[in-house]
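Down below is the structure, laid out as structure tokens.
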Amino acid sequence: MTLERRRLYILPTRTGLAFAALLFLMLLAGMNYANSLALFLTFLLAAFAWVAMLQCHRNLLGMQVVSTLAPAVFAGSTGSVQLTLANRTALGRPRLEAALPQGAVRVADVAAHGQQRLELALPASVRGIVRLERVRLSTTHPFGLFRAWTWVHTPIEMLVYPRPRGWLPLPTHSAPRSSGRALPGAGADEWSGLRAFRDGDSPRQVDWKAYAREAPLLVKEYSASGAELRLFDFAPLTHLDLEARLSQLARWVVDAEARGERYGLALPGVRLPADRGPEHRHRCLAALATFGTIDGGSGAPGSDAARD
């Protein structure tokens, strides 16, 4: 989105109002004493203020908002809104300010034909979806006499996962594996990924095709195909309240992913089959984050963020 002239507003700051009051007193004094030098200085400073107002307006005019992102975080932490600004002109844009409603101001200088990313802090106190309707961009450059600003109306959603905490051990659920052809050199094991080559690794496990494409030496890793699948089920946790259940499930998801294990999630009305990887971890945690809210498909309706 490009900031056009009709979207920009400008008003004097407190410093600008004080400067205007000073000019008015100088004007009265010059007229009272018929002092042409004082009048000349007054009009010269007034012209200076007029040029400063035009420069302040131009410093924001034509800036582009390239993207607004809000990565998912866990409840109880501080998230961030990542705002990327771009300057397509040959003039630098110093001291651009960005802020969320009732949030701290971040200042950045955007070079000519350059981009700059700002991270605006956003508290994430409870799980759910935090929605923001607008972000404020402003500037007081060059002399702080005027402030030009605009509101960027772009819906931003930040997903807040439940806080991962709980003391229960990881549950297991045995499930038969589908029969398949064994991988060469790995017996009945299942391929799990690649890692960097270490001294003592067998040359037969090296991914020579990747090495031929000028990639570094990588070794194929395998995991036992008969390992247990983990199913994290909401139903058996009857001795915990809703938020404690979700926190315990989030704890299990984080731990199982850290171990590289396959796991699934079962919620009332939602069932995610066993899998692993960052995308599967996000799907599980997102289902826990929106469970029991308007955005979730299950549980009692509630607000966008769950209440403690």
Side-chain angles (χ1 to χ4, degrees), residues 1-13 51-161 277-283 285-286 289-290 293-295 304-305:
M1 183 182 67
T2 302
L3 303 183
E4 301 176 353
R5 192 180 306 274
R6 61 185 179 85
R7 302 176 63 94
L8 301 182
Y9 309 93
I10 187 168
L11 283 175
T13 62
V51 173
M53 181 182 68
L54 296 179
Q55 292 286 338
C56 181
H57 187 270
R58 192 196 64 176
N59 195 44
L60 203 57
L61 181 65
M63 285 296 301
Q64 292 184 352
V65 180
V66 178
S67 65
T68 53
L69 300 175
V73 295
F74 288 101
S77 62
T78 300
S80 65
V81 175
Q82 299 175 357
L83 181 69
T84 303
L85 303 177
N87 178 17
R88 307 301 185 192
T89 67
L91 298 174
R93 305 299 180 97
R95 294 199 59 80
L96 295 179
E97 302 174 358
L100 301 176
Q102 301 178 351
V105 176
R106 293 297 304 271
V107 181
D109 299 332
V110 184
H113 302 291
Q115 287 190 359
Q116 183 69 35
R117 189 177 71 175
L118 297 173
E119 292 194 1
L120 310 177
L122 180 61
S125 56
V126 294
R127 70 175 180 91
I129 296 180
V130 178
R131 289 186 171 88
L132 293 173
E133 297 296 333
R134 59 184 186 174
V135 177
R136 189 188 69 186
L137 295 178
S138 62
T139 182
T140 57
H141 180 79
F143 303 110
L145 300 179
F146 295 89
R147 178 180 300 277
W149 80 94
T150 186
W151 290 99
V152 179
H153 294 271
T154 171
I156 303 171
E157 293 185 352
M158 183 179 72
L159 187 62
V160 183
Y161 301 143
E279 293 184 1
H280 181 62
R281 174 182 181 270
H282 170 72
R283 286 194 295 268
L285 292 176
T290 58
T293 67
I294 296 178
D295 302 281
D304 288 349

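Heavy-atom basis, side chains included; hydrogens, waters and symmetry copies ignored.
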> M63 and L96: side chain to side chain contact (heavy atoms under 4.5 Å, CB included), yes or no, with the steps?
Replying inline: CA-CA 10 Å; M63 285 296 301; L96 295 179; 3.6 Å; yes
>> Measuring from atom CG of L120 to atom CG of L122, what distance do you get when rounded to the nearest 0.5 angstrom?
In response: 9.0 Å
>> Tell me the closest heavy-atom pair linking T13 and G144, and the distance in Å.
In response: OG1-O, 2.5 Å
> Do V152 and M1 come within less than 4.5 Å of each other through their side chains, counting heavy atoms only?
Replying inline: yes
>> Would you compute the distance between atom CG of L54 and atom CZ of F146 and round it to the nearest 0.5 angstrom?
In response: 9.0 Å
> Going from OG1 on T150 to CG on L3, what distance comes out if it is rounded to the nearest 0.5 angstrom?
Replying inline: 5.5 Å
>> How close do R7 and T2 get, counting heavy atoms only, and between which atoms?
In response: CD-O, 4.3 Å
> So, for P142 and A52, which heavy atoms are closest and what is the spacing to 0.1 Å?
Replying inline: CD-O, 3.7 Å
> For A90 and H113, which heavy atoms make the closest approach, and how far apart are they?
Replying inline: CA-NE2, 3.6 Å
> Looking at residues at least two apart in the chain, or sitting in another chain, which of them share a ring-ring contact (aromatic ring centres under 6.0 Å, His included) with H280?
Replying inline: Y263
>> Looking at E119, is its backbone amide N or carbonyl O close enough to the side chain of R106 to form a donor-acceptor pair, meaning the two atoms are under 3.5 Å apart?
In response: yes
> Is there a side chain to side chain contact (heavy atoms under 4.5 Å, CB included) between L145 and M53 once you walk through the steps?
Replying inline: CA-CA 8 Å; L145 300 179; M53 181 182 68; over 6 Å; no
> Got H282 and Y161 here, is their nearest side-chain heavy-atom distance under 4.5 Å?
Replying inline: yes
> Hey, are the side chains of H141 and L60 touching, using non-hydrogen atoms and a 4.5 Å cut-off?
Replying inline: no
>> Could you go through T290 and I129, starting from their C-alpha distance and side-chain angles, then the distance that decides it, and tell me whether this counts as side chain to side chain contact (heavy atoms under 4.5 Å, CB included)?
In response: CA-CA 7 Å; T290 58; I129 296 180; 4.1 Å; yes
> Which atom pair, heavy atoms only, marks the closest approach of A289 to R127?
Replying inline: O-NH1, 2.8 Å
>> To the nearest 0.5 Å, what is the distance between CZ on R58 and CZ on R93?
In response: 7.0 Å
> So do the side chains of V65 and T68 get within less than 4.5 Å of each other, counting heavy atoms only?
Replying inline: yes
For residues 73-88, run the donor-acceptor check on the side chains, cut-off 3.5 Å, and write out each pair with its distance to 0.1 Å, sequence neighbours left out.
unit_1	atom_1	unit_2	atom_2	d
S77	OG	F74	O	2.5
Q82	OE1	R117	NH1	3.4
T84	OG1	S67	OG	3.3
N87	OD1	T89	N	3.2
N87	OD1	T89	OG1	2.7
N87	ND2	L91	O	2.6
N87	ND2	A111	O	3.2
R88	NE	Q64	OE1	3.0

>> Do T139 and C56 make a side-chain contact, defined as non-hydrogen atoms from C-beta onward lying under 4.5 Å apart?
In response: yes
> Once you round to the nearest 0.5 Å, how far does CH2 of W149 lie from CD1 of I10?
Replying inline: 8.5 Å
> Where the side chain of N59 meets the backbone of P94, is there a donor-acceptor pair that is under 3.5 Å apart?
Replying inline: yes
> Is the backbone N or O of Y9 less than 3.5 Å from a side-chain atom of R147, with the two atoms forming a donor-acceptor pair by type?
Replying inline: no
> Of the non-hydrogen atoms in R134 and P101, which two are nearest, and what is the gap between them?
Replying inline: O-CD, 3.5 Å
>> With rounding to the nearest 0.5 angstrom, report the CG to CD distance, L137 to E97.
In response: 10.0 Å
> Between R95 and D109, is a side chain to side chain contact (heavy atoms under 4.5 Å, CB included) present by the stated rule, with each step listed?
Replying inline: CA-CA 5 Å; R95 294 199 59 80; D109 299 332; 4.1 Å; yes
